[in-house]
Amino acid sequence: MSTLYQRDAAAIAGIEKLRFFPLEVTSGHGSTLVTPDGRELLDLSATWTASGLGHGHPAIVEAVSRAVRTAPGSGGLSAVHPDSVGLAEDLLALVPGSGERRVYLGHAGSDANDVALRACRHASGKRTVIAFEHSYHGGVGVAMGVSGVHVDAGTPADPDAVFLAYPNPFRPSGADVTDDVTRCLEQAEAHLSSGSAACLIVEPILSDGGLVVPPDGFLARLQELCTQHGVPMICDEVKMGLGRPGTLHAFEHDGITPDIVTFGKVLGGGLPLSAAVGPAEILDDPPAAALLTTAGNPVCTAAGRAVLATIVGDGLAERAATVGARLADGLRALAGSPGAEHIGDVRGRGLAIGLELVDPQTGDRDPRLAAQVVYRAWELGAVVYYVGGNVLEITPPLVLTEAEADRAVEILGAAIADAAGGRVDTEEVARYAGW
């Protein structure tokens with residue numbers, strides 16, 4: 001264990017650690033992270049998508065530097081400033097919707113979702129939140145209680161939450177995923193028609209639950225039911241939105257316009273920033289019901305405006321579609337190479353790609369192999385994590401180049417071959433529990 005890791009072990013609380021290998025970084029540039037000894041690592045996580053524009057992006061550097069030099073206070077709690085108002089206006093322009101709308105600004109996707117959920121309850125006077133199994137919406141408050149991942153891990157579910165099964169085309173519960181979709185929609189309608197539902201919250205791609213891409217049209221049919229029963233749909237775009245899926249918004253794939261959309265991670269370009277965009281009748285009242293002293297601060301909102309301008313101006317959604325297709329095709333082309341029999345599925349949209357590792361004899365999930373593969377990938381020069389127990393979540397910065405995508409395929413292919421071939425120190429891997 002290095003000195004830096006020893007210092008971390010002695011000083012940083014374990015409750016905020018999710019470690020897969022002893023990653024130490026001192027700097028970064030583009031899609032590259034640099035370790036204390038100067039080793040360069042290809043970043044295939046983008047810090048769980050939060051560093052979506054990569055590291056040291058000049059647009060963010062310029063915006064933050066300007067804001068720090070002349071910052072008018074530390075937040076938007078009791079004052080207004082150009083970048084907080086400007087960011088809200090930017091989001092209203094970029095997020096489709098109708099009627100009078102408002103933007104909540106916060107620090108993380110967790111608080112954006114929590115505020116949206118609480119606002120729906122207050123506006124409707126109802127309590128039931130319809131969510132999905134294995135979902136993730138945050139680590140605080142109501143958002144934590146309706147996150148299937150946390151509930152799976154033993155966190156008490158919100159007493160008024162109901163969880164539906166998210167349709168998984170690779171692992172349908174029945175003979176066909178269409179049966180799962182039908183069953184899910186029937187259950188959703190039963191809860192929506194009960195008269196007790198305050199809202200429904202859904203991820204357009206189930207991220208931490210295993211990067212599950214639902215069947216085409218699923219979100220549209222879900223929204224039809226919500227609209228029919230007058231229940232707002234919250235679309236959680238925190239991890240999968242803003243260019244990553246090859247479109248500006250992930251919900252565009254099904255051609256829908258959610259009632260409320262939440263953002264985080266990439267929105268801040270590595271700084272703490274989140275947002276919820278929705279109807280004024282939901283997000284305006286009661287005043288002072290969601291207070292964070294430094295929310296909407298000049299530095300983070302300046303970064304957010306630079307992020308949005310860069311995603312749109314540099315065509316990063318289109319780039320994600322192109323480079324993501326190359327990366328996914330490269331991973332599928334590993335078929336026939338050593339260890340590739342453990343690749344059960346490669347799925348995703350744009351630069352949100354899931355690679356599912358399985359027991360080739362049974363097709364069952366192989367979380368042991370996944371832990372070894374991400375560890376070996378780190379040894380070989382790439383940072384990638386797993387979700388859902390056995391799925392490599394490949395979410396590199398949106399600035400990833402085609403050459404870097406090809407290198408990613410090489411590293412991941414070698415890591416899978418080495419892990420499958422027993423060439424990874426299993427005792428060392430066991431020290432990093434991951435999820």
Side-chain angles (χ1 to χ4, degrees), residues 96-99 113-114 116-138 142-143 145-152 157-207 209-210 212-237 240-241 249-262 276-279 281-282:
S98 59
N113 282 324
D114 182 65
L117 291 162
R118 290 193 289 114
C120 285
R121 280 180 166 173
H122 179 268
S124 66
K126 301 173 182 179
R127 300 289 303 173
T128 300
V129 173
I130 304 170
F132 287 84
E133 296 172 358
H134 316 307
S135 59
Y136 186 86
H137 301 294
V142 179
V146 303
S147 293
V149 167
H150 281 303
V151 174
D152 293 342
D158 184 282
D160 296 300
V162 294
F163 294 91
L164 309 179
Y166 198 95
N168 185 338
F170 182 66
R171 293 186 180 280
S173 61
D176 193 285
V177 72
T178 56
D179 294 335
D180 290 351
V181 169
T182 299
R183 188 178 306 111
C184 175
L185 293 172
E186 288 175 347
Q187 292 173 350
E189 181 160 27
H191 291 295
L192 290 166
S193 63
S194 69
S196 65
C199 60
L200 178 148
I201 186 167
V202 62
E203 295 171 89
I205 296 174
L206 192 72
S207 56
V212 178
V213 181
D216 289 349
F218 171 67
L219 289 184
R221 294 174 67 185
L222 197 61
Q223 188 193 37
E224 286 176 8
L225 292 177
C226 288
T227 301
Q228 177 184 335
H229 295 287
V231 176
M233 172 194 276
I234 302 172
C235 190
D236 180 346
E237 297 258 324
M240 293 289 113
H249 306 297
F251 60 75
E252 290 180 43
H253 185 83
D254 267 14
I256 67 171
T257 300
D259 299 284
I260 299 175
V261 185
T262 56
V277 181
E281 62 188 23
I282 293 178

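Predicted model, so just to flag it, every value in this text is computed and none were measured.
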[X] [atom1] to [Y] [atom2] distance, which is reported to the nearest 0.5 Å:
| X | Y | atom1 | atom2 | value |
| --- | --- | --- | --- | --- |
| I205 | E237 | CD1 | CD | 9.0 Å |
| L222 | F132 | CG | CZ | 5.0 Å |
| L225 | L200 | CG | CG | 9.0 Å |

Minimum heavy-atom distance [X]-[Y], with the two atoms named:
| X | Y | answer |
| --- | --- | --- |
| L192 | C226 | CD1-N, 3.9 Å |
| F163 | V146 | CE2-O, 3.3 Å |
| V181 | P215 | CG2-CG, 3.7 Å |
| M233 | I256 | SD-CD1, 4.1 Å |
| P96 | T257 | O-CG2, 3.4 Å |

| salt bridge (charged side-chain N to carboxylate O under 4.0 Å, His left out) against D259, all qualifying residues, sequence neighbours excluded |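 Partners of D259 by the salt bridge (charged side-chain N to carboxylate O under 4.0 Å, His left out) criterion come out as none, since no residue qualifies.
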| field | By salt bridge (charged side-chain N to carboxylate O under 4.0 Å, His left out) - contacts of R221 (at least two apart) | value |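 Here no residue qualifies.
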| task | Applying ring pair (Phe, Tyr, Trp, His ring centres under 6.0 Å), name anything that partners H253, two or more places apart in sequence or on another chain. | result |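 Checked H253 against ring pair (Phe, Tyr, Trp, His ring centres under 6.0 Å); zero matches.
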Going by the salt bridge (Lys or Arg N to Asp or Glu O under 4.0 Å) test, which pairs reach into [range], not counting sequence neighbours?
| range | result |
| --- | --- |
| residues 187-204 | none |
| residues 118-136 | D114-R118, R121-D158, R127-D160 |
| residues 161-183 | R171-E356, D180-R183 |

Does any non-hydrogen side-chain atom of [Y] lie less than 4.5 Å from one of [X]?
| X | Y | result |
| --- | --- | --- |
| V212 | P169 | yes |
| L219 | P204 | yes |
| T262 | H137 | no |

With [X] via side-chain hydrogen bond (donor to acceptor under 3.5 Å, both in side chains) - residues at least two apart:
| X | result |
| --- | --- |
| S135 | none |
| H249 | none |
| S124 | none |
| S147 | none |

| Geometric class of the F218/Y166 ring pair [parallel <30°, tilted 30-60°, perpendicular >60°] |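 Taking F218 first and then Y166, their aromatic rings stand perpendicular (interplane angle over 60°).
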| said: Once side chain to side chain contact (heavy atoms under 4.5 Å, CB included) is applied, do any residues pair with C199, and if so which ones, sequence neighbours excluded? | reply: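 Counting only residues at least two positions away or on another chain, C199 forms a side chain to side chain contact (heavy atoms under 4.5 Å, CB included) with L117, C120, V129, P232, I234.
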| said: Checking T227 now: which residues fulfil side chain to side chain contact (heavy atoms under 4.5 Å, CB included) with it, not counting sequence neighbours? | reply: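 In terms of side chain to side chain contact (heavy atoms under 4.5 Å, CB included), with neighbours along the sequence ignored, T227 is linked to Q223.
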| Is N113 reaching over with its side chain to a backbone N or O of G138, donor-acceptor style, under 3.5 angstrom? |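 No, N113 side chain to G138 backbone: no donor-acceptor pair under 3.5 Å.
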| Hey, does the side chain of D236 reach the backbone of V202 with a donor-acceptor pair shorter than 3.5 angstrom? |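 No, D236 side chain to V202 backbone: no donor-acceptor pair under 3.5 Å.
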